[in-house]
Amino acid sequence: MSLEKYKKKLEFYCQYQDRCHQEVNMKMRQLKVPYGYQGELKQYLIEENFLNEKRFVESFVIGKFNQSHWGNLRLISELKTRDISDYLVQYGLNLIDPKDYVEQFISVLEKAKSTYRETPPIKANKLISDYLKRRGWEPQLILEYLN
């Protein structure tokens, strides 16, 4: 396949949704892009603004916070698995207003509590706590609001 065909495929891949460098690298491996083309293709994608990690972090953090109701710990973990720099991780977390963060947490907590209304309180608290931890909410926050 020619360099131009790879460019078109990667442009489409990056236009569909914001991507990080790691996802683009994986896509190039999947497409079996020759090693000699990879650097040139990534440079092209960055210069033409198809690949922008700051934009990726913004959409990822806001999307996962608002749609999936993830807490900071899960967001950090997921961004780290995508090799996002500490600076950009912190930038992404700062996009979430602290007031909205607490409101979202309370909303998720109330929904979880309603699920376990019929369960004995001690068992329900354990199940709710485990659920919230999997969603990436801080243990201190969970303890504070669960008690």
Side-chain angles (χ1 to χ4, degrees), residues 6-33 35 37-147:
Y6 287 126
K7 277 184 183 178
K8 293 295 176 208
K9 284 186 179 287
L10 290 170
E11 282 176 10
F12 180 76
Y13 180 69
C14 292
Q15 283 176 330
Y16 179 71
Q17 77 181 42
D18 287 320
R19 307 290 181 173
C20 66
H21 290 261
Q22 184 187 58
E23 291 170 333
V24 170
N25 289 338
M26 288 179 4
K27 184 66 173 178
M28 285 195 282
R29 277 195 297 276
Q30 180 188 350
L31 293 172
K32 296 182 173 63
V33 174
Y35 186 76
Y37 286 170
Q38 291 182 12
E40 186 178 341
L41 286 168
K42 270 182 84 172
Q43 186 66 32
Y44 167 79
L45 293 171
I46 292 168
E47 287 172 359
E48 297 299 319
N49 208 25
F50 287 104
L51 182 58
N52 182 324
E53 280 206 331
K54 185 176 181 182
R55 188 178 62 221
F56 167 78
V57 168
E58 290 169 355
S59 63
F60 184 86
V61 167
I62 297 302
K64 295 301 184 183
F65 177 72
N66 289 329
Q67 302 299 315
S68 301
H69 311 294
W70 287 0
N72 282 346
L73 299 178
R74 178 83 183 262
L75 291 168
I76 292 168
S77 173
E78 293 293 330
L79 290 170
K80 287 292 187 184
T81 62
R82 289 168 173 78
D83 292 330
I84 303 298
S85 71
D86 291 339
Y87 171 78
L88 284 176
V89 169
Q90 196 55 50
Y91 167 78
L93 296 179
N94 289 337
L95 295 172
I96 302 170
D97 183 281
K99 183 176 166 247
D100 293 341
Y101 189 78
V102 172
E103 287 175 6
Q104 180 85 278
F105 172 77
I106 292 170
S107 170
V108 173
L109 174 65
E110 292 304 321
K111 185 175 179 186
K113 279 183 175 179
S114 70
T115 303
Y116 297 107
R117 288 210 191 283
E118 304 299 319
T119 310
I122 293 174
K123 185 175 182 181
N125 281 352
K126 169 81 171 107
L127 292 169
I128 292 167
S129 174
D130 290 347
Y131 170 74
L132 293 170
K133 286 177 187 171
R134 280 193 308 277
R135 309 293 297 164
W137 298 96
E138 293 84 349
Q140 316 87 283
L141 193 62
I142 296 169
L143 283 174
E144 181 181 334
Y145 281 89
L146 211 51
N147 297 330

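All residue numbers in this chain count up from 1 along the given sequence. Any value given below was found using the heavy atoms of this structure, including those in side chains, with hydrogens, waters and symmetry copies removed. Note that the structure is a prediction, hence the values are computed from the model and not measured.
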Task: Heavy-atom donor-acceptor pair, Q38 side chain to V33 backbone, under 3.5 Å - done: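 Side chain of Q38 to backbone of V33: a pair is present.
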
[Y] side chain reached by [X] side chain, heavy atoms, under 4.5 Å:
X: N72; Y: I96; value: yes
X: N125; Y: Y116; value: no
X: R82; Y: H21; value: no
X: L132; Y: P139; value: no
X: Y145; Y: L141; value: yes
X: Y6; Y: M28; value: no
X: V24; Y: C14; value: yes
X: L146; Y: K113; value: yes

Distance from [X] atom [atom1] to [Y] atom [atom2], nearest 0.5 Å?
X: L41; Y: K9; atom1: CG; atom2: NZ; value: 12.5 Å
X: Y37; Y: L31; atom1: OH; atom2: CG; value: 13.5 Å
X: S129; Y: L143; atom1: OG; atom2: CG; value: 6.5 Å
X: T115; Y: I128; atom1: OG1; atom2: CD1; value: 8.0 Å
X: L79; Y: S85; atom1: CG; atom2: OG; value: 9.5 Å

TODO: Run the ring-centre check on Y101 versus W137 and record whether the distance is less than 6.0 Å.
DONE: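 Distance test on ring centres: under 6.0 Å, yes.
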
Open item on the list: Minimum heavy-atom separation for N52 and K54, please, with both atom names.
Closed with: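 Reported closest heavy-atom pair: OD1-N, 3.0 Å.
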
Task: side-chain contact (heavy atoms from CB on, under 4.5 Å) assessment of Q22 paired with I84 - done: CA-CA 9 Å; Q22 184 187 58; I84 303 298; over 6 Å; no

Task: E103/K99 salt bridge by N-O under 4.0 Å criterion - done: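 The answer is yes: the pair qualifies as a salt bridge.
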
Task: Charged N-O contact under 4.0 Å between E11 and K7 - done: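 The answer is no: the pair does not qualify as a salt bridge.
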
Task: salt bridge (charged side-chain N to carboxylate O under 4.0 Å, His left out) contacts in which one or both residues fall within residues 126-145, not counting sequence neighbours - done: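 Listed once each, the pairs are K126-D130.
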
TODO: For the pair Y13 and E23, evaluate side-chain contact (heavy atoms from CB on, under 4.5 Å) and give the outcome as yes or no after the intermediate values.
DONE: CA-CA 10 Å; Y13 180 69; E23 291 170 333; 3.8 Å; yes

- [ ] Tell me, with the steps shown, if F65 and H69 meet side-chain contact (heavy atoms from CB on, under 4.5 Å).
- [x] CA-CA 5 Å; F65 177 72; H69 311 294; over 6 Å; no

Task: Option from I46, D83, L88 for which side chain to side chain contact (heavy atoms under 4.5 Å, CB included) with E53 holds - done: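 One option only clears the test, and that one is L88.
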
Residues 55-64, side-chain donor-acceptor partners within the protein, below 3.5 Å, at least two apart:
residue, atom, partner, partner atom, Å
R55, NE, D18, OD1, 2.8
R55, NH1, N49, O, 3.2
R55, NH1, N49, OD1, 3.4
R55, NH2, N49, O, 3.0
R55, NH2, F50, O, 3.3
E58, OE2, Y91, OH, 2.3
S59, OG, D18, OD2, 3.1
S59, OG, R55, O, 3.3
S59, OG, F56, O, 3.1

